[in-house]
Amino acid sequence: MDTLVIVMGAMTRVADRPRSRRVLRLIALERIVRGVLLLTAGVYLLFNLNSDFGRLAERVMRAIELDPRRPFFHRILAYLHHLHASQLRIAAIVALGYGALELVEGTGLWLDQLWAEYLTVIATSLLLPFELYELVHRPSAWKAAGIIVNVAIVGYLAYLLRRRVRRSRPLEPTVTGERLDELSR
């Protein structure tokens, strides 16, 4: 039996092949780590709204021996120096919300909850257009890699969900000619 669906008001748990479970656990772990990092960043931003993030970034760059006077790094530092508390507050709230969503997805996937697979497919699919827009306007290898990973996750989970739906449907009996005569009477 490849797939077992337990019904408790709605589909909640799904037991899959060990290979599928390993992939789902890997996706869950990625979502949990990302969720924790985003929640941490959001909390940090909320408690440090009046900090000079440009100065902090410059110290980090010097510590890892990057030259902050290089044009690319200089633009980043100039942007960070001019951030306002209201911009940081919005970024913190977005990070907290997105981090909570990622943590819920990851925890649900880890606990083998079918709703978490649906949530992950929907949430990730909804964010892909924004990621593509960002990639077109500010291309980078990291953004491209992130999009590829997210598309692969959506594709894989959609494949698993479709396979489960097909297997969970009861087989319809075929109607033979004799049986058709009986039914028409």
Side-chain angles (χ1 to χ4, degrees), residues 12 21-158 161:
T12 56
R21 290 298 315 135
R22 281 193 295 260
V23 174
L24 285 176
R25 287 279 169 105
L26 185 62
I27 294 169
L29 191 59
E30 180 262 342
R31 297 294 160 140
I32 291 169
V33 168
R34 193 180 337 177
V36 168
L37 290 174
L38 284 165
L39 288 173
T40 304
V43 169
Y44 180 82
L45 287 174
L46 276 180
F47 286 103
N48 295 287
L49 291 175
N50 295 318
S51 297
D52 183 359
F53 286 98
R55 190 169 358 137
L56 177 65
E58 190 172 344
R59 281 194 306 222
V60 169
M61 283 182 190
R62 290 186 191 282
I64 59 173
E65 299 182 10
L66 291 175
D67 184 6
R69 295 175 302 212
R70 297 187 78 167
F72 175 72
F73 296 132
H74 182 71
R75 277 184 278 152
I76 292 172
L77 290 175
Y79 176 78
L80 291 173
H81 277 297
H82 295 97
L83 284 176
H84 298 287
S86 61
Q87 292 170 310
L88 292 173
R89 188 175 293 111
I90 290 169
I93 291 168
V94 168
L96 288 170
Y98 191 47
L101 175 66
E102 293 281 335
L103 205 54
V104 167
E105 288 176 14
T107 304
L109 289 172
W110 189 269
L111 295 174
D112 199 27
Q113 299 296 308
L114 188 59
W115 59 262
E117 292 180 36
Y118 280 105
L119 177 64
T120 303
V121 167
I122 292 167
T124 306
S125 296
L126 289 175
L127 293 173
L128 281 174
F130 297 108
E131 293 176 6
L132 288 170
Y133 176 84
E134 184 67 23
L135 179 65
V136 168
H137 290 285
R138 293 184 196 99
S140 79
W142 286 108
K143 290 176 187 174
I147 290 172
I148 290 169
V149 167
N150 283 337
V151 167
I153 288 171
V154 167
Y156 181 74
L157 290 176
L161 289 169

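Every value quoted in this text rests on a predicted model; they were computed, and no experiment measured them. Keep in mind that the numbers below use all heavy atoms, side chains included, and drop hydrogens, waters and symmetry copies.
- If you run side-chain contact (heavy atoms from CB on, under 4.5 Å) between F130 and each of L132, L127, L126, only L127 comes through.
- Taking all atoms of both residues into account, the shortest heavy-atom contact from I27 to L109 is CG2-CD1, 3.7 Å.
- Expressed to the nearest 0.5 Å, how far CG of D112 lies from CD of E117 amounts to 7.0 Å.
- Here T120 contributes atom OG1 and I153 contributes atom CD1; the two are 8.5 Å apart, rounded to the nearest 0.5 Å.
- From L103, atom CG reaches atom OG1 of T107 across 4.5 Å, with rounding to the nearest 0.5 Å.
- Within the 4.5 Å cutoff, the side chain of L66 has no heavy atoms near those of the F72 side chain.
- Heavy-atom minimum distance, I147 versus E131: CD1-O, 3.4 Å.
- Minimum heavy-atom separation, A92 to L46: CB-CG, 3.6 Å.
- Counting only heavy atoms from C-beta outward, the side chains of V23 and L26 never approach each other to under 4.5 Å.
- Taking every heavy atom of both residues into account, V154 and S125 meet most closely at CG1-OG, 3.5 Å.
- Between the CG atom in L45 and the CD1 atom in I93 there is a gap of 10.5 Å [rounded to 0.5 Å].
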- Message: Run N50 and L88 through side chain to side chain contact (heavy atoms under 4.5 Å, CB included) and show every step you take.
- Response: CA-CA 9 Å; N50 295 318; L88 292 173; over 6 Å; no

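- Using modelled atom types, one side-chain atom of R25 and one backbone atom of W110 make a donor-acceptor pair closer than 3.5 Å.
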Check: residues 139-146 side-chain donor-acceptor pairs under 3.5 Å, at least two apart:
residue, atom, partner, partner atom, Å
S140, OG, K143, N, 3.1
K143, NZ, E134, OE2, 3.0
K143, NZ, R138, O, 2.8

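- Taken to the nearest 0.5 Å, the CD atom of E102 stands 4.5 Å off from the CZ atom of R34.
- In this structure, CZ on R31 lies 8.5 Å from CG on L101, to the nearest 0.5 angstrom.
- Counting only heavy atoms from C-beta outward, the side chains of L56 and F53 approach each other to under 4.5 Å.
- Two residues are said to be in side-chain contact when any heavy atoms from C-beta on lie closer than 4.5 Å; L37 and V33 meet this criterion.
- At a threshold of 4.5 Å between non-hydrogen side-chain atoms, the residues V104 and L119 count as touching.
- Here the closest non-hydrogen pair linking L77 and A57 is CD2-CB, 3.6 Å.
- Counted within 6.0 Å of CG on D67, heavy atoms from surrounding residues, nucleotides or ligands total more than 12; the atom is thus considered enclosed.
- The minimum heavy-atom distance between E58 and H81, with the atom names listed, is OE1-NE2, 4.1 Å.
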